[in-house]
Amino acid sequence: MGRVVYSVASSLDGFNTDAQGDFSWAVPDEEVIAALTADVSTAAGECGPDRGHGASVGPVSSMWFELLMCPITVGAGTRVLPDKVRASLSLTRERRFGNGMVQLTYDVR
C-alpha cells in the first residue's frame with residue numbers, strides 16, 4: 001500500500017508565494033535541506049525501488065500533510081490551500097531548525 005504526501009513551504013499566514021510571486025523567503029538552509037533529503041530517501045525506500053518520484057503506487061494506505069513553516073508573514077500571495085478545504089489532521093511530528101523554520105507532519109484522518 002502506498003502513501004500520499006503533500007509537502008509545502010508556508011509563511012505563518014498561509015502563503016507559499018508573496019503577492020509578487022516571490023518565494024525566496026522560503027529557501028531552506030543546509031540543515032533543513034539535509035533533513036528533508038533524509039525524509040525523501042526514507043519514503044522512497046518504503047515505496048520500493050520502482051516507486052516514488054511520481055510513479056503509481058497503487059492503493060493508498062495513508063495520507064500525510066507536511067508543512068515547512070517559515071518565520072515570516074507576507075500578507076498576500078498564493079495560498080498553501082485553496083478556500084474551503086477542510087481536513088481532520090493528527091500531528092505526528094514537529095521538528096525545529098536553527099533558522100527558525102519548523103516542519104509539521106500530520107496524518108490525515
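Because the structure is a prediction, the values reported are computed rather than measured.
The shortest distance between side-chain heavy atoms of Arg95 and Asp39 falls below 4.5 Å. Within the 4.5 Å cutoff, no side-chain heavy atoms of Asp29 are placed close to those of Met101.
At distances below 3.5 Å, at least one donor-acceptor pair connects side-chain atoms of Arg109 with backbone N or O atoms of Leu89. A donor-acceptor pair is defined here as one N or O able to donate and one able to accept, closer than 3.5 Å; such a pair exists between the side chain of Thr17 and the backbone of Thr78. When atom types are taken as modelled, the side chain of Ser90 and the backbone of Asp107 share no donor-acceptor pair closer than 3.5 angstrom. Looking only at distances, a side-chain donor or acceptor of Asp13 sits under 3.5 Å from a matching main-chain atom of Gly75.
Between Phe97 and Ala35, the shortest heavy-atom contact is CE2-CB, 3.6 Å. Considering all non-hydrogen atoms of both residues, Glu66 and Thr105 come closest at OE2-OG1, 3.2 Å. Here the shortest heavy-atom pairing between Ala26 and Ala9 reads CB-CB, 4.0 Å. Across all non-hydrogen atoms, the minimal contact from Leu36 to Gln103 is CD2-NE2, 3.5 Å. The two residues Val8 and Val80 make their nearest non-hydrogen contact at CG1-CG1, 3.3 Å.
Cluster membership for Leu12 and Leu81, using ILVMFWY side-chain heavy atoms within less than 4.5 angstrom, is shared. In terms of hydrophobic clustering, with Ile, Leu, Val, Met, Phe, Trp and Tyr side chains grouped at heavy-atom distances under 4.5 Å, Phe65 and Leu104 are assigned to a common cluster. Hydrophobic clustering places Val108 together with Tyr106 (ILVMFWY residues linked when any side-chain heavy atoms are closer than 4.5 Å, directly or through intermediates). Hydrophobic clustering (side-chain heavy atoms under 4.5 Å, transitive across Ile, Leu, Val, Met, Phe, Trp, Tyr) keeps Ile33 apart from Met69.
Of the inter-residue distances, the one linking Leu67 atom CG with Glu94 atom CD reads 13.0 Å to the nearest 0.5 angstrom. Distance check: Thr73 OG1 to Trp25 CH2 gives 10.0 Å after rounding to the nearest 0.5 Å.
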| query | Could you walk me through whether Ile72 and Asp18 pass the side chain to side chain contact (heavy atoms under 4.5 Å, CB included) check? | reply | CA-CA 11 Å; Ile72 189 171; Asp18 64 20; over 6 Å; no
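For Phe23, the CZ atom counts as loosely surrounded, since its 6.0 Å shell holds 12 or fewer non-hydrogen atoms of other residues, nucleotides or ligands.
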